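Data block below; observations after.
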There are 2 protein chains.
Amino acid sequence: MATLKDISSELGLSVATVSRALNGFPEVNIKTRERVRAVADRMGYKPNRIAQRLVTGRSGMVGMIAKINSDMTTDQTFLEIIAGLTAALGQRDADLVLAVDQHENPVVPYERMLERGILDGFILNAPVPDDPRIRFLTERQVPFVVHGQSGAVEDYAYFGIDNVAVAADGVGLLTDLGHRRIAFLNGDLRLAFARDREAGFSDGMARAGLTVPLAFSVSGPSSESYGYTRALAMLSGRLGPRPTAILCSSTLIAAGVMRAAADLDLKVPEDLSVMAHDDALPQYRAIEFTPPLTVTRSPLRDACVPLANHLIDLIDGADPKTLQTQIRAELIVRASTGPVPQEGTDPWPQTPTAPPPLPCAPTR
Amino acid sequence: MATLKDISSELGLSVATVSRALNGFPEVNIKTRERVRAVADRMGYKPNRIAQRLVTGRSGMVGMIAKINSDMTTDQTFLEIIAGLTAALGQRDADLVLAVDQHENPVVPYERMLERGILDGFILNAPVPDDPRIRFLTERQVPFVVHGQSGAVEDYAYFGIDNVAVAADGVGLLTDLGHRRIAFLNGDLRLAFARDREAGFSDGMARAGLTVPLAFSVSGPSSESYGYTRALAMLSGRLGPRPTAILCSSTLIAAGVMRAAADLDLKVPEDLSVMAHDDALPQYRAIEFTPPLTVTRSPLRDACVPLANHLIDLIDGADPKTLQTQIRAELIVRASTGPVPQEGTDPWPQTPTAPPPLPCAPTR
DNA sequence: TTCGATTTTCAAAACGTTTTAAATTTCGCA
DNA sequence: TGCGAAATTTAAAACGTTTTGAAAATCGAA
C-alpha cells in the first residue's frame, strides 16, 4: 500500500503538501496538485482510514442494532433499510457496523457497542413511543438519528413520514367514496408508527362523524397471514355488518385481505375497497396486485439517503433541531378502491366507545 | 477518555510499562501490574481501538455482504447468522461491517468493500458451486471463511454441515421405515447446500434401489407457500401415486407440507411421513409442530462461533487448510415420521431417468 | 533593486497505541 | 563488598494521517 510518504519522497515534496494537494486545499499550487494527483493515481494510493481516524478522532463507522422479535416483522423492511443505508453512508465515507441483540433492556446493546469505542453514532429504527434509547443516547451525547419519531425528548434528529397523515389520508379517500364502515388493520401498537396511524385513523373517522367497533380496528404483525385471518373474521359477518373498506398498514397485510376477499367471493373494489400503506419493498409491488392497490406510498429506500446525511451532519456538529424532517406519503389511487356498494351505506349500528386516543409524536 | 499516558503519569510509570501491564506481558512486576490495573479501572480506561489498529495494521473489522434476491429466501436465516456472528466476533474483539448489494457480478461488492481499506477479512454466506467470490478473495489473498462449502478451490477456510449426509440420513430413516415413494422438496439448486443435498438424496435412494420421478424431486425457495403448493400438487395424485413420505429442506417448507396434508385430510404420520432439515430458527421450532417434526438438526447459531474463530485465526496467520470444519447434523426422530402405510408399499411405477448427478463438495 | 504582500511549501507535533532495544534495578552468591 | 545474571522499567520509534505555525518563494509596485 502506497502512503503519503511514498508519494512525497517520489516527488521531493513534504507529506503536508501532498496531503493538502489530495484533499483539495486551496493554497496548493495547481501545478503541484496535478503532479501529486498523477503520482497518487499511478501508485494506486488510498488513504489509510485508520490513520485518518486516529488523528481526526472519528471512526467513520456508525452503528445500527437490530432487535430480533419473535414475529420477525421487521425483517422484510430491515434488509431494505440496510441496503439503502450502506449505499448512502458509503457516499459520505462511512461504514455500517451491525449488531443484533435481543436483550430485554433496549439500551444495553447500545451501551455495549459504545464501550467498544469505535462508533461515531447510531441509526435507530422502529422507535416506540417515548423510546428509552433516545433518552439514553441524548444523555450520553452520542449522535444518533431516528427513522421515524417518538415523543421521548424534543431535540433529536429524525427522518420519517407523517404517519398520522398516512391513516387520515386513507380514511379521507375512503369516506370521500362514501364508505362508512371502514375497518383498520394496523401494525404493532407497541411501535410509534402504529400509534400515530391509530391516532390518524381515529381523527379521520371522527371528522367524518364515524366510529368503529373495537373488533374492526385491530393491530398485529405486518404479515400476510395476519391480514388473511383478521380479514376473514371481519368479512364473514360474524363480528357484525361487514366493512365495505379495509385500510391496511402494509401491502403484505393487504395481500392477506385480498386473499380473504377472494375466498369469500367478494370482488375488489365492487364489494370491498382495500387500501394500504406501501413501503415500496421490491418483493411486494402494490401495482402488481389484482387489482392494482390504492396506497399511500413512501419508499423505505428513499428514507436512507436523508437518514445517512442527517447522521453524518450531526457527527460533523450540526444542531439536531435543524435535522428533523418529516415528509408526507404520496396518495396513489389505483383500482382497489371504489365507491361504496349500494347495500353498505349504513354506518356500523352500535357505536361502542372507540379506543381511547393514544399518545403520538407531534405532526408536521 | 482516559489514555495510557493519563495512567502512566498518575503512577509515575512509562506508557510502555502500563501497556505491558494491561496486556498481561510476563515481565512486569506483579505489584506494579496490580497498581496499574487498579488505576485503569478507576479511570475507566478503554484502549483506543483506532490507535491499536493503526500500529498493529489490523482494523478489527470483518465484512459480510448480503445479497438481496427477489425471493428473500435468505432473510429468516440471515438475521440469525448476524446475531450469532456479532456476538462471537465480539468475543474476539472484532466487529461486523455489513453491506447489502445486488450487483450482478458477485465479486464487485467485495471489491468495493476492499477498496475502502478497513477490513481484515470476510465471511461468505450462501456459497454457490464453484463460487467466484472464493476464487477472487483467494487470488487477492484476503482472509475469508465460508459458511458451507463450494468446490471452487482447495485451500480455503470453511465451516458447515455435511449436506450430503443431511439428505442421505433423511432418506435412510425413511427407507428403514419401509417408505418407497419418498418425495424431496429441496432448496434453491443454485446454492451449494442444495446441490449437496440433491446428491445425498440421489445416493440414498439409489442405495435403497429406488428412483424418483422428476415431478417428485423439486427445488425452490425455503418458504411455507412453496412447501404448501408443491405438496398439494404431489399429494393430490395428479402427478402420479402420491408419496408416502416427504423430505423437506427446511422446517418452513415442512410447515407448508403439513398444511397441505391437513387440507387433504391426510394424517401425519399415519398417511404421510414428513421430515425436514432444521436450522433451529427460534421462530419455527420443529418440536412445536403438530405432530413434532422429525428432523436432521444443526442450529445455525452454533455455526457462528466457529465461523468467527476460523476467520480471526486466519487473520492471525493460521493456515486455511487447518481451518476446514464439517460437522454432521444430528438426526432427531419425533412423531412426524412413521412406518409406511399399508397401501403405499409400492415404489413409483415408471422409473424415468433420475436427474443427472450434480457436482458437490467433498464429504467429510 | 527593495519592500511588503501574497502564494506556496515545509518541519514538526499530534492522535494513542505497540514494540524494540537499551537502561536500570534487584537479587543471589562469591 | 562486589559481580554477573535476572528481573523490571524506560525512552524512543513506529503506524499514516492531519494540522499548526513558520519559513521560503514569488510577485507587483515603488
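Chain identifiers are assigned alphabetically (A, B, ...) following the order of the sequence lines, protein sequences preceding nucleic acid strands; residue numbering begins at 1 within each chain. Computed from a predicted model, the values in this text were never measured in an experiment. Below, all heavy atoms of this structure are taken into account, side chains as well, without hydrogens, waters or symmetry copies.
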In whole angstrom, what separates B:Lys31's NZ from D:dA7's C1'? 17 Å
With heavy-atom distances below 4.5 Å as the criterion, would you say the side chains of A:Phe144 and A:Val146 are in contact? yes
On the nucleotide D:dT17, are OP1 or OP2 found under 4.0 Å from the side-chain N or O atoms that A:Ser19 carries? no
At less than 4.0 Å, is any side-chain N or O atom of B:Thr3 found next to OP1 or OP2 of C:dG16? Yes or no. no
On DNA chain D, more 5' by nearest nucleotide between B:Pro26 and B:Thr56 is B:Pro26
Taking NZ, NE, NH1 and NH2 as the nitrogens, is one of them in B:Glu27 or B:Arg33 under 4.0 Å from a carboxylate oxygen of the other? no
Using a cut-off of 4.0 Å on non-hydrogen atoms, how would the nucleic acid contact of B:Glu27 be classed: base, sugar-phosphate, or nothing? base
Out of C:dT19, D:dT9, C:dA11, which has the shortest distance to the side chain of B:Thr32? D:dT9
Whole-Å distance separating the NZ atom of B:Lys5 from the C1' atom of D:dT10: 15 Å
With the side chain of B:Val55 defined as its heavy atoms from C-beta on, choose the nearest nucleotide among C:dG16, D:dT18, C:dT19. C:dG16
Between C1' on D:dT10 and CG on B:Leu4, what's the gap in Å once rounded to a whole number? 14 Å
So which nucleotide from C:dT19, C:dC15, D:dT18 ends up closest to the side chain of A:Leu54? C:dC15
Figure out the CD/C1' separation between B:Glu34 and D:dT8, and round it to whole Å. 16 Å
Has A:Thr17 got a side-chain N or O lying under 4.0 Å from the OP1 or OP2 atom of C:dT9? no
State plainly whether the residues B:Arg133 and B:Glu111 are in salt-bridge range, i.e. N to O under 4.0 Å. no
Interatomic distance where CD1 belongs to A:Ile7 and C1' belongs to D:dG16 [whole Å]: 12 Å
Determine the contact category for A:Gly12: base if any of its heavy atoms lies under 4.0 Å from a base atom, sugar-phosphate if only primed atoms, P, OP1 or OP2 are that close, otherwise nothing. sugar-phosphate
Using whole Å, what does the distance between atom P of nucleotide C:dA12 and atom CZ of A:Arg20 come to? 15 Å
Is A:Asn23 close enough to D:dT18 that one of its side-chain N or O atoms is under 4.0 Å from OP1 or OP2 there? yes
Starting at CG of A:Asn29 and ending at P of D:dA24, how long is that distance when rounded to a whole Å? 19 Å
Whole Å only: how far is the CD1 atom of B:Ile50 from the P atom of C:dT18? 13 Å
Indicate, with a heavy-atom threshold strictly under 4.0 Å, whether A:Leu13 touches base, sugar-phosphate, or nothing. sugar-phosphate
Tell me what A:Arg53 touches on the nucleic acid: a base, only sugar-phosphate, or nothing, going by heavy atoms under 4.0 Å. nothing
Centroid-centroid under 6.0 Å between B:Tyr110 and B:Phe122 rings: yes
Could B:Asp93 and B:Arg53 be called an ion pair, given the rule that one side-chain N must be under 4.0 Å from one carboxylate O? no
